[in-house]
Amino acid sequence: MADIGVTGLAVMGSNLARNFARNGYTVAVHNRSNSKTQALIEAHGSDGEFVPSESTADFVASLKAPRTVIIMVKAGGPTDAVIEDLAAHMEPGDIIVDGGNAHFPDTIRREKSLRDRGFHFVGTGVSGGEEGALNGPSIMPGGTREAYETLGPMLEKISAKVDGVPCSTYIGPDGAGHYVKMVHNGIEYADMQLIAEAYDLLRSALGLSAAQVGKIFEEWNTGDLESYLIEITADVLQHVDAETGKAFVDVVLDQAEQKGTGRWTVQSALDLGVPITGIAEATFARALSGSVPQREAARAADLAAETAGWDVKDAAAFIEDVRRALYASKVVAYSQGFDQIAAASLENDWNIDRGACARIWRGGCIIRARFLNRITEAYERDAELALLISDPYFASAVGDGVSSWRRVVAGAALNGIPVPAFSSSLAYYDGVRAERLPAALIQAQRDFFGAHTYQRVDKGGVYHTEWSADRSETQQS
Ligand code: NBP
């Protein structure tokens with residue numbers, strides 16, 4: 001009998017099934033069209049013990065109780081179809097796991113409906129793409145603790161390990177796992193945008209080639225910024241296009257696409273009222289790059305630039321400024337993402353441990369990075385930490401970079417280089433640390449035109465001023 005089943009054997013499912021088999025589990029495998037099942041067994045049957053089935057009934061019958069099945073199909077309608085098919089053959093107490101990129105409200109809905117029918121439903125984020133699925137992904141499972149007792153040890157075994165610690169842990173009930181995966185992807189958007197802005201600044205200000213900037217990133221990857229994304233950036237920038245002999249990055253169309261997780265992250269942040277400006281700017285920057293008619297219209301109108309012209313006297317100092325600005329902006333983007341997780345956790349009663357999230361992102365996933373250790377340590381110091389950048393380590397790390405950050409953002413503005421993620425992160429930093437914000441004026445305006453009321457700094461209560469009459473102030477009940 002099989003320990004675990006995987007249905008949906010496209011790239012992610014087949015690699016995950018192989019990972020389970022290589023780790024000593026007997027894996028039941030199934031796919032809607034049997035050709036993929038056969039292809040997996042023919043090409044990789046020697047990886048371990050597989051039990052292939054053509055029908056769902058045989059697939060379910062080949063599993064040990066409680067039967068545990070991971071679904072790795074296209075998110076949305078296909079996932080619902082597969083769940084219904086499985087549920088018709090499984091029994092109460094069995095565990096149905098969705099490892100696809102589901103939107104968390106779908107996971108909440110599915111979990112409730114399957115719980116009502118006696119099943120355990122686990123919505124789990126799986127990060128790391130096809131290579132991670134095969135060699136060790138970062139896994140973010142949400143569902144019942146009871147289901148995690150059966151499923152968890154298997155997920156931990158196949159996950160990436162950092163210092164021997166698995167990159168998989170119980171995240172929380174129903175949609176918690178998919179939510180954390182969604183924010184992970186949002187942070188990935190911000191991280192990529194910040195790297196792209198740093199690259200743009202270095203090329204524009206110093207007139208460097210892509211390969212020269214690649215070398216700088218290689219150097220950065222030996223310090224605080226060490227991460228998978230910096231590493232691949234160094235590699236990509238030094239890659240030469242075989243056809244033209246030009247830098248590869250120079251022959252790629254500059255329109256960034258997106259599959260939707262960045263947008264979902266921003267939508268949820270708007271609902272929760274959490275300012276995730278880094279992720280939002282990164283998402284909008286992709287949208288701007290793809291706004292072809294608007295970009296053409298702007299160029300046709302020859303919109304004025306009035307730039308000052310870069311005059312970098314000390315290239316090494318400028319590079320160090322950009323590095324510090326990148327690190328500070330990155331810390332802010334992560335801080336905002338963790339704020340969002342905390343707010344969603346509170347709203348949904350998920351009780352998510354943010355330190356554990358940072359711990360399981362250290363390996364296997366796209367945003368794996370050295371500094372995630374520091375985030376785990378910060379939340380270990382204070383599990384209720386209201387603001388990551390107020391932790392002593394991050395306060396000092398960001399503080400050390402503030403003057404560099406200001407020089408870089410000011411230089412970019414003077415020279416017409418768009419750095420939305422760098423500049424919005426700096427604006428957030430200045431906003432969140434400000435003693436007093438101009439929000440007071442906004443409250444006064446709202447009361448003026450809409451009688452929306454305001455509170456005072458010098459006494460309690462809620463007030464309204466009779467703006468169009470005698471301007472007397474009345475306390476509201
Ligand atoms: P795809 O997202 O391309 O989905 C293909 C699979 O879905 C095939 O097995 C296909 O079966 C099955 N399928 C479809 Br389409 N409609 C179905 C239906 N109505 N009933 C049953 N099966 C159906 O595969 P993937 O790229 O391996 O990704 C799998 C999941 O993992 C997705 O949710 C994805 O978002 C997520 N994910 C992907 C990555 C990545 O890097 N690719 C990373 C992390 C998570 P067929 O063979 O019969 O057509």
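If you read the sequence from its start, that first residue is 1, and numbering goes on from there. Start at 1 and go down the list; that is how both ligands and their atoms are numbered.
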> Which protein residues have a heavy atom under 4.0 Å from ligand 1?
Replying inline: G8, L9, A10, V11, M12, N31, R32, S33, K36, M72, V73, K74, A75, P78, V82, G100, N101, V126, G129
> Quick one: does NZ or CZ of R354 land under 6.0 Å from the six-membered ring centre of F338, within 45 degrees of the ring axis?
Replying inline: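 No; the conditions do not both hold, so R354 does not lie above the ring face of F338.
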> Centres of the F104 and H178 rings: under 6.0 Å?
Replying inline: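 Distance test on ring centres: not under 6.0 Å, no.
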> Are the ring centres of Y429 and W405 closer than 6.0 Å?
Replying inline: yes
>> As a quick check of understanding, evaluate side-chain hydrogen bond (donor to acceptor under 3.5 Å, both in side chains) for D174 and W350, giving each step before the final call.
In response: CA-CA 8 Å; D174 56 71; W350 282 334; 2.9 Å; yes
> Mind checking what makes side chain to side chain contact (heavy atoms under 4.5 Å, CB included) contact with D94, not counting sequence neighbours?
Replying inline: P66, R67, M90, E91, F119
> Is K330 paired with D191 through a side-chain N to carboxylate O contact shorter than 4.0 Å?
Replying inline: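 So D191 pairs with K330 through a salt bridge.
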